[in-house]
Structures are given as structure tokens and as C-alpha cells.
Q: 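One structure is given below, represented as C-alpha cells, and several questions about it will come after.
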Amino acid sequence: MIDEHVALRLLRSPASGVPHDVAAALAVVAQHVGGLRQAIARERLALAADDRDAVFAFAKKLDAYEHDPSVFPDAAPLPPASTPVDAPIELAVSVDREPGAPLRARQPHFSASALNAYADCARKWYYRYTCNAVEDRGSSASFYGTAFHTALEDFHETFVHPEPAHEATMRDRIRSDVARAFAGHRDDFETAVEYELQVRRAQRTAQRYVTWLVAKAKRAPFTIVGRELHAAKKVVGYDFIGFIDRLDRDDATGNVAIVDYKTGAIAESAAEYREKVRTFHDFQLPFYYWAREAEGDRVATLSLIPLKDASSDVRPIELEVVPVAREESRRSGAPTGTIGVADLERARVKMGELCRILSDGSLTAFPATADPGACTYCAYKLACNDRPATPEEKFAR
Ligand code: SF4
């Protein structure tokens, strides 16, 4: 029987094929259940399907290893039999730290979401846009968002001019569009139960979306003139690209509304969203505004449609674009408000400034955010030693 220390060492080596966080957790469990084989056999860890397969594949190789060490071809050689495994570790001489070098953005185009990432956390931007160090495999929330966007894009291919008289047809159609869009992502969700829960959530939310759409069409008829509309524009000398979820044209005035679907958390009031634009934490709608104005549209409204919560009515956050914004209080909680053209202009200038900083090669440090909220869904959490502690973690120390 292979020695427990050797088995653990193989488990923690890259040759095991087991993700390092899973291997570390298994090693801890092994101490409590009488060894690694027991820990694997008893399935004491609740693992995602991929991780579980990797652990079982490792166990199989471990069985074969005694007779055939080539099953772990990349493993470091084991110590000779005479060497006690618990012998004191000889520390290697540490190498000098490599001198730091400035980094710059490598992509030929910028996007509002890249600038949003930088505004959220410079370290996140560094991980995602310069070193590509950690693969973002997506999450249930991100697959929900992608599938919902696809469903709405398909739905509005048919319903370009939402008519209250077609409400029943719209309800049937969106049901089948959601089902089809989510079926295309079935394998992305970790379990069948998770998939089913997300489909049900989307179906309930989609029905609420139709309720809102019908009410909006009754108030002021409109035509959808763009879905996933490509937006490309130079902003202060830098190329930007993006995709506008939906572009509506008011039938009476000809003005357009830029619509962005949001399947994650968003500002809870128009004043709160405007504040995010003013403090340079959100560049998405400002960029779309300038991109469409450059195309000759008169953009009258910027709108975020919340599609996260199946238990609440769809209540968009809408900002009317005006020469000078009325200063609604953030505490009013009103979903509608105004934003000044000067606010959007300041955002445009700031976009240029950030592009210059990110591309001129002067950046040598990418500090982690001080806001633990920004880390909640960050794909780089495991790799990020400097992330701020959550209030719960602080309390536990
Ligand atoms: S975990 Fe937090 S601090 Fe680290 S990169 Fe992500 S957002 Fe930034």
C-alpha cells in the first residue's frame, strides 16, 4: 500500500489533475477520516461534477502507481525508500525578486466594461486584461444572464413593435424563447437542479417583463430599432466597441431610448445610478449615449431593465437626458430621474483619461479594491491574496 505521505504529495502535485483548492480540502478531510483513500471513498466533500471526476481519476491512478509509476509521468521523483518522508525540509535559497516593469493594456479596442472593471478594482482589471492568469469559467449567474439576453434578442426579433393587443401571443412566445435559450446552456450549469431552478426563475421574470412591456407600449407606443446593436466609436482618440442590448424609438417623437438588460445587482434608484456615472464607476450607458448621438440619434433616455428578481415587478431605472439635471435626492428611491449632458460629457473625458493611463505603459501597480462588495462575484478571488476582508471575516479574526 502506498505511503499516506506520498499519496498526499502526489495529490497536491500538478500531476494529480485535481484542482489545488480541492486537493487542499481533501488533504484536510483525510486527516480526520483515517487517510486519503477513506476521504475519497466516503465522498465527504461536496464537489462539482468536474472536480469529482478529477478526484476519482486520481484515485484510480493512485491504485496503479505502486506497480506502474509512469501513471504520474510529471510527478517529481519520490525520495528513496531509505529517506524518511518526515526528514527536515531543506530550504532552497530564495531567488531575487524580478524587477517590476510597467504594463499596458494589450487590446486594440477599449470597452466600457473594461473601464468599469478598472474603476471597480485595478487588480481585477490587471488579472482580466493583462495577465489572463485565471480562467473565468463563468458562473450560474453569468450563464443565466447570457441565456436571458439571447431569449430577449430572439423575442424582439418577432415583437419589434409591442402591441398590447398581442399580450397573450407575447407571453407564449417568450416562454418558448426562454426555454430554447436556456436549453442551449444546459451543460454550463453545474447540476440539473441548478439548471431547472434558473429556467423557472427566468420564466417567471420573463412574464413580468411582458407585463411591463405592455404597460409601456400602452403609455407611449414605440418601435425596437436595434437588438444587440454593435456600437463603435472613438472616444477622445481611443477606439471603443460595445453592444447595445436594445434601442427603442418613440413612435410620436422619434427620440431613442438606450436599454440595457441587467440580470445582476444594479442601482436601486435613478439618483444612485446617476451618482455612479458622476463618480466614474459606470461608463456603459454614457458610451452608448455618445455612440448613438454620433450616429445621428437624439437619445432621450438611458434605461436599465432589472431582470434578476423573479418575485418583483420589472421596474426600470430610467434617466432622462436633459441639459441640466434636476438634483433628485438619492434617498428618494425614485426609479426615474434625469442626467445632464454635462455629466455624460465628463464621463466621456474621463474615459479618454483612463485609456491613456491604461495604455501608455506607466502603470506599475494594480492595487486591490478596499470594497469587499466588489469581490463577491470576482472570478479571481482565489488568486487574490490582497482582497479586503468581508465584515464577517473581520469579525471572525
Ligand atoms: S478579489 Fe476583490 S480585490 Fe481581488 S481582484 Fe477581485 S475584486 Fe479585486
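Position 1 is the first residue of the sequence, and the numbers go up from there. Counting starts at 1 for both ligands and their atoms, following the listed order. Note that the structure is a prediction, hence the values are computed from the model and not measured.
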Q: Just checking, Arg246 and Tyr261: is the charged tip under 6.0 Å from the six-membered ring centre and within 45° of the axis?
A: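 The answer is no; the distance or angle limit is not met.
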Q: Hey, which protein N/O/S atoms does atom 4 (Fe) of ligand 1 have under 2.8 Å?
A: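 The answer is Cys384 SG.
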Q: Which residue pairs satisfy the side-chain hydrogen bond (donor to acceptor under 3.5 Å, both in side chains) criterion with at least one member in residues 17-31, sequence neighbours excluded?
A: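 Output for this query is empty, none listed.
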Q: List in chain and number order the residues that pass side chain to side chain donor-acceptor pair (under 3.5 Å) with Asp172, two or more places apart in sequence or in another chain; answer none if no residue qualifies.
A: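 Partners of Asp172 by the side chain to side chain donor-acceptor pair (under 3.5 Å) criterion, ordered by chain and then number, come out as Arg175.
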Q: Looking at residues at least two apart in the chain, or sitting in another chain, which of them share a side chain to side chain donor-acceptor pair (under 3.5 Å) with Tyr118?
A: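 Tyr118 satisfies side chain to side chain donor-acceptor pair (under 3.5 Å) with no other residue.
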Q: Hey, does the Lys NZ or Arg CZ of Lys216 hover above the aromatic six-ring of Phe222, less than 6.0 Å from the centre and inside 45° of the axis?
A: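 Satisfied, under 6.0 Å and within 45°.
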Q: Hey, is Arg37 close enough to Asp63 for a salt bridge, meaning N to O under 4.0 Å?
A: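 Yes, this pair counts.
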